[in-house]
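Okay, structure first, notes after.
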Amino acid sequence: MSSHEKQHLPIGVFDSGVGGLTVLRVLQKYLPNESFVYLGDTARLPYGTKSEQTVIHYSLGATEILRNFGIKLLVVACSTASSIALIALRETLKPLPVIGVLEPGARAACELSRNGKIVVIATETTVHAGGYQRLIQQIRPDATVIAKGCSLFVPLAEEGWVEGPIAEAIATAYLQQLFSVESESLPDCLVLGCTHFPLLEKTIKKVIGDQITIVDSAVATAKIVKDTLEEQSLLNGKIVPSMTRFLVTDSPQRFVNTAIQFLGRPVSIDEVELVDYNFKL
Ligand code: DGL
């Protein structure tokens, strides 16, 4: 297929479930002429508490569906899959460009932090894998990184409990201590290292204060996706009208019910297709 023909293919966006819609939302804003096919592996959600081996198997199985669909670039919107499975995905899907959310987020944090004291919040598996910590340290060797697992933010966001006493109590339990230190050790930057966490930004700010810079990896990722498409002459020249399709591996209705909070617009059941893959461990 010529690069001119490839321009009309959609961008694939892969996530463990519904949370990656926060990334899709930003991608659609930055790339309004592009079509997207979003795959949420809702049957296997959450990835963030699974072992590395399982996350790699799930990610390889799920993205095979997107490759067969025909995409010109893959965005791994899920931070857990980006931190664990990116190398395997790049290797398997070669020569398809595969972009994860970790490096863009880490780069943005290194640029935005003045004192180099950076906190990353993510799922348990992402924190345990240490990808954010390694990347930040590589890009900015003077940085001090604290990574904190905040797994309860995931169900809170899916339940829509992103503000109010319960969300605040949980955010306080996770974060207050890290930001109640002497001013010379006070982190000045917080990375939202999980698809779901942008929904809790207001509550997080209430707990840690307005002066801390919050990095949402989605914005940094969208810029890299745009640059990559430009470099590879893959930007859509607008001849084909843009469209978005949603694929899920479990109940389309449940996806539709939760999607609006993450995408900021309703998704109709007709836009969602049930798919699956063979999972062998
Ligand atoms: N998408 C996951 C992430 O960004 C959060 C949900 C999950 O645990 O699967 O890490």
Side-chain angles (χ1 to χ4, degrees), residues 12-27 38-63 66 74-86 88-89 98-106 108-109 119-133 135 147-162 170 174 190-201 204 214-222 246-251 254-255 258-259 261-263 277 279:
V13 180
F14 161 57
D15 183 50
S16 56
V18 79
L21 294 174
T22 56
V23 179
L24 177 66
R25 183 181 187 163
V26 178
L27 287 166
Y38 178 95
L39 170 65
D41 192 9
T42 45
R44 293 163 189 89
L45 177 89
Y47 281 17
T49 48
K50 304 280 187 328
S51 71
E52 299 197 7
Q53 193 196 17
T54 299
V55 172
I56 291 174
H57 280 284
Y58 285 176
S59 301
L60 289 173
T63 53
L66 287 173
L74 176 70
V75 179
V76 183
C78 177
S79 303
T80 306
S82 293
S83 75
I84 310 287
L86 199 68
L89 288 173
V98 179
I99 295 177
V101 289
L102 242 63
E103 193 174 335
V119 173
V120 178
I121 55 173
T123 63
E124 197 183 301
T125 304
T126 303
V127 168
H128 191 248
Y132 268 115
Q133 298 91 308
L135 280 166
K148 173 95 184 162
C150 297
S151 296
L152 278 180
F153 284 165
V154 171
L156 270 186
E158 293 200 5
E159 202 61 27
W161 293 358
V162 292
I170 293 174
Y174 278 141
L190 174 82
V191 181
L192 303 178
C194 172
T195 47
H196 289 58
F197 297 0
L199 269 73
L200 285 129
E201 188 169 335
I204 291 170
I214 294 195
V215 174
D216 174 355
S217 308
V219 177
T221 305
F246 300 93
L247 311 176
V248 291
T249 54
D250 193 26
S251 164
R254 182 160 164 77
F255 181 81
T258 348
Q261 287 146 241
F262 292 85
L263 190 60
Y277 57 90
F279 168 65

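When a ligand or atom number is given, it counts from 1 through the structure's own listing order. Numbering of residues begins at 1 and proceeds along the displayed sequence.
At the shortest separation from atom 5 (C) of ligand 1 among protein heavy atoms lies Cys194 SG, 3.5 Å. For atom 10 (O) of ligand 1, the nearest non-hydrogen atom of the protein is Thr80 OG1, 2.6 Å.
Of all atoms in ligand 1, listed by their number and element, those nearer than 4.0 Å to a heavy atom of Ser16 are 1 (N), 2 (C), 6 (C), 7 (C), 9 (O). Which parts of ligand 1 touch Pro46 is read off a 4.0 Å heavy-atom cut-off, strictly below it: atoms 7 (C), 8 (O), 9 (O).
Listed for the Ser16 side chain is no donor-acceptor partner under 3.5 Å among the backbone atoms of Pro46. A donor-acceptor pair is defined here as one N or O able to donate and one able to accept, closer than 3.5 Å; such a pair exists between the side chain of Ser79 and the backbone of Gly193. Glu201 places no side-chain N or O within 3.5 Å of a backbone atom of Ile214 that could act as its donor or acceptor partner. Proximity of a side-chain donor or acceptor of Ser59 to a complementary backbone N or O of Ala85 within less than 3.5 Å is not detected.
Only the side chain of Leu45 comes within contact range of ligand 1, with a heavy atom under 4.0 Å; no backbone atom does. Residue contacts with ligand 1, taken as heavy atom pairs separated by less than 4.0 Å, involve Thr195 via backbone and side-chain atoms alike. If you look at Asp15 next to ligand 1, the close heavy atoms, those under 4.0 Å, all belong to the side chain.
Note: Phe246 CZ to Leu263 CG = 5.5 Å, rounded to the nearest 0.5 Å. A distance of 9.5 Å separates OH of Tyr38 from CZ of Phe14, quoted to the nearest 0.5 Å.
Counting only non-hydrogen atoms, the option in Phe14, Tyr58, Tyr47 that gets closest to atom 7 (C) of ligand 1 is Tyr47.
Residue contact check for ligand 1: Gly17 places no non-hydrogen atom closer than 4.0 Å to it.
Checked against a 3.5 angstrom limit, the closest N/O atoms of Gly48 and ligand 1 fall inside it.
The salt bridge (Lys or Arg N to Asp or Glu O under 4.0 Å) test applied to Glu158 returns no partner, not counting sequence neighbours.
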